[in-house]
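Protein chains get the first letters and strands the later ones, always in sequence-line order, with residue 1 at the start of each.
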Number of protein chains: 2
Amino acid sequence: MGASSGLNYQPLYKQIKSLILQRVIDGNWSPGEALPSEQQLGKEFGVSQGTIRKALDEMTAENIFIRKQGKGTFVSQHSAARSLFHFFYVVSNDGKRVLPDSKVIGLTRASANKQEQNRLKLKAGDKVIRIKRVRFLNDKPVIVELISLAVKVFGDFLKKEEIPNTLYELYESQYDVKVLKAVERLKAVKLKKEDASLLGMKAGAPVLEIDRLATALDTRPVEWRLSFVDTSDYYYLSELT
Amino acid sequence: MGASSGLNYQPLYKQIKSLILQRVIDGNWSPGEALPSEQQLGKEFGVSQGTIRKALDEMTAENIFIRKQGKGTFVSQHSAARSLFHFFYVVSNDGKRVLPDSKVIGLTRASANKQEQNRLKLKAGDKVIRIKRVRFLNDKPVIVELISLAVKVFGDFLKKEEIPNTLYELYESQYDVKVLKAVERLKAVKLKKEDASLLGMKAGAPVLEIDRLATALDTRPVEWRLSFVDTSDYYYLSELT
DNA sequence: GAGTGGTCTAGACCACAAT
DNA sequence: TTGTGGTCTAGACCACTCT
């Protein structure tokens, strides 16, 4: 296998996996596009189909690819439905998942503050775009969201009116940023006065604060999102395994 | 493979998996015990080592087994550390995980109320055990917990003084109940007056409510737990993938 | 050295989708 | 019928652990 002697041993399929991952990061295949067949990839890399399979197995588990029996292996793609299932854990009290609507109420550009520098790994002076929006579930305002994006990643951004509901779709199609993982930190806090009217609640009411950092394929942090959720009629779902 | 004709097709390794799972449920092997080697299991079931491996792969991913290269495959076991990592998502603001202490302040037996009947799938009149305790992180009271257990599963329970800190270890070793999954529903609520003094907070302060239902290997719901967390110095961690 | 899990291969066959 | 992913096998060899 040519790798080496004891210390840095990496199984073949792991090495193949890195190579394939790099191709995805490089944009070798577009989201939604089919990869070459496992047999072809095997020939190309000089390994057996089983080894390719094991590499693709792991990457499929990581939501990088989607397999369709009889059709092929495809680069995964964000869609409204996928965003809903993978990155939206607010569920109605009766257990039903609801697709939120959004209304953008602010879009500004500024120098990153300390928190943004910390979370997005920016330097003092780096610029960010800030989006503030309200999300509606069943036509009721339920979530206030503050979103921060690094200008150096996203460049100039859309006009307020053009910002779509499902941002991760946009990041992927327009900015070549594929969000695959996010870490959320949850707290119960008092609703701020400035957000009270947006949610139709009293200032000081308990709301769920969700502090989310989303990272791209190459593990760069790309979006920081601070949400405040009215959990009277909804809850946040977490499955432990 | 003898299975059948198109409709109910189950791959061999899935069938093997069911058989092995049933053996674990039946207590064929104890927690911490080693299974026969993959080769031996292969002979026993009349399949290749690769097929056994694929079954064990999935079960290892489900935390039913733990593999140790060079040693064998073992039935997983709850331990304080494992409980901490798999079932305790409250993390200090600086990101460090802390093992909680507990103080039991109530242990009663009663007929299941509506919520308990619903969650634990009990009938009217079925008995439950209720435990109330306070959990400390770094010697500070942070969580109030209300735990409900079905008497028909756990029978008579320990004395208040004998209840250990990590319950899932106890369920497994004493009651043959292996908790592998749990679903948590999170909300932000006002701290109740009766719990205020326990956490050293004011009544009405925002706290994180965690409604957890834990299920056993055989998918029975076995424990319902309602927690109220002071998230001033801690947060709830959720990783989305 | 013996035993266990972990990797890798080459080849066969099955299930599914498209044509 | 063809091509794709999905399953299964038998055998080889590697890495790790214990004696």
Side-chain angles (χ1 to χ4, degrees), chain A residues 1-21 23-24 29 32-77, chain B residues 1-21 23-24 29 32-77:
Chain A
M1 42 86 192
S4 64
S5 47
L7 267 179
N8 300 23
Y9 172 72
Q10 279 285 96
L12 239 189
Y13 77 92
K14 290 275 188 194
Q15 301 175 39
I16 302 290
K17 190 180 158 188
S18 299
L19 293 173
I20 295 177
L21 179 61
R23 289 201 186 179
V24 178
W29 304 294
E33 197 178 339
L35 272 60
S37 75
E38 297 178 349
Q39 294 288 358
Q40 283 176 319
L41 287 170
K43 275 187 188 173
E44 188 176 336
F45 289 108
V47 300
S48 73
Q49 181 245 17
T51 300
I52 294 292
R53 171 150 267 270
K54 196 155 186 188
L56 296 187
D57 270 348
E58 290 200 354
M59 301 177 83
T60 301
E62 291 165 16
N63 296 312
I64 298 170
F65 298 133
I66 294 177
R67 286 228 191 79
K68 297 182 187 171
Q69 185 172 144
K71 299 182 74 174
T73 301
F74 302 81
V75 179
S76 73
Q77 203 169 10
Chain B
M1 38 83 193
S4 62
S5 46
L7 268 179
N8 300 23
Y9 173 72
Q10 278 288 94
L12 239 189
Y13 76 92
K14 290 276 189 193
Q15 301 175 38
I16 302 289
K17 191 181 158 188
S18 299
L19 293 173
I20 294 177
L21 178 60
R23 289 200 185 178
V24 178
W29 303 295
E33 196 178 339
L35 271 61
S37 76
E38 298 178 348
Q39 294 289 359
Q40 281 175 321
L41 286 170
K43 276 187 188 172
E44 187 176 337
F45 288 109
V47 300
S48 74
Q49 182 245 17
T51 300
I52 293 293
R53 170 151 268 269
K54 196 155 185 188
L56 296 186
D57 270 348
E58 288 201 356
M59 301 178 84
T60 301
E62 291 166 16
N63 295 313
I64 298 170
F65 298 133
I66 294 176
R67 285 228 192 77
K68 297 182 186 171
Q69 184 171 154
K71 299 181 75 173
T73 302
F74 302 81
V75 179
S76 73
Q77 203 170 10

Side chains of Q39(A) and Q49(A): any donor to acceptor distance under 3.5 Å? no
Q15(A) CD to dT7(C) P, in whole Å, measures 12 Å
Test side chain to side chain donor-acceptor pair (under 3.5 Å) applied to K17(B) - qualifying residues, sequence neighbours left out: E58(B), E62(B)
Between dT4(D) atom P and D57(A) atom CG, what is the distance in whole Å? 18 Å
To the nearest Å, give me how far apart NZ (K14(A)) and P (dA15(D)) are. 16 Å
Nucleotide dG6(C), atom P - distance to CG of L41(B) in whole Å: 13 Å
Sorted by chain and residue number, the side chain to side chain donor-acceptor pair (under 3.5 Å) partners of E33(B) (sequence neighbours excluded) come out as S30(B)
Between F74(B) and G32(B), the two heavy atoms sitting closest are CD2-O, 3.5 Å
Side chain of V47(A) (C-beta onward), nearest among dT7(D), dT9(C), dT7(C): dT9(C)
Checking contacts here: which listed nucleotide (dT7(D), dT7(C), dT9(D)) is nearest the side-chain heavy atoms of P11(B)? dT7(D)
Just how far, in rounded Å, is C1' of dC14(D) from CD of Q10(A)? 15 Å
side-chain contact (heavy atoms from CB on, under 4.5 Å) involving T73(B) - partner list, sequence neighbours excluded: L35(B), L56(B), F65(B), R67(B)
Strictly under 3.5 Å: I want the nitrogen or oxygen pairs between protein and nucleotides 3-5 of chain C, one per line.
| unit_1 | atom_1 | unit_2 | atom_2 | d |
| --- | --- | --- | --- | --- |
| dG3(C) | N2 | G70(B) | O | 3.0 |
| dT4(C) | O2 | G70(B) | N | 3.3 |
| dG5(C) | OP1 | T73(B) | OG1 | 3.4 |
| dG5(C) | OP2 | E38(B) | N | 3.0 |

Nucleotide dG6(D), atom C1' - distance to OH of Y9(B) in whole Å: 7 Å
Can you tell which of dC8(D), dT9(D), dC8(C) lies closest to the side chain of Y13(B)? dC8(D)
Provide, to the nearest angstrom, the distance between the CD1 atom belonging to I52(B) and the C1' atom belonging to dT9(D). 13 Å
What is the distance, to the nearest angstrom, from the NZ atom on K43(A) to the C1' atom on dT9(C)? 16 Å
For Q69(A), the side chain to side chain donor-acceptor pair (under 3.5 Å) test, sequence neighbours excluded, returns none
Report the residues that fulfil side chain to side chain donor-acceptor pair (under 3.5 Å) with K71(B), sequence neighbours left out, ordered by chain and then residue number. none
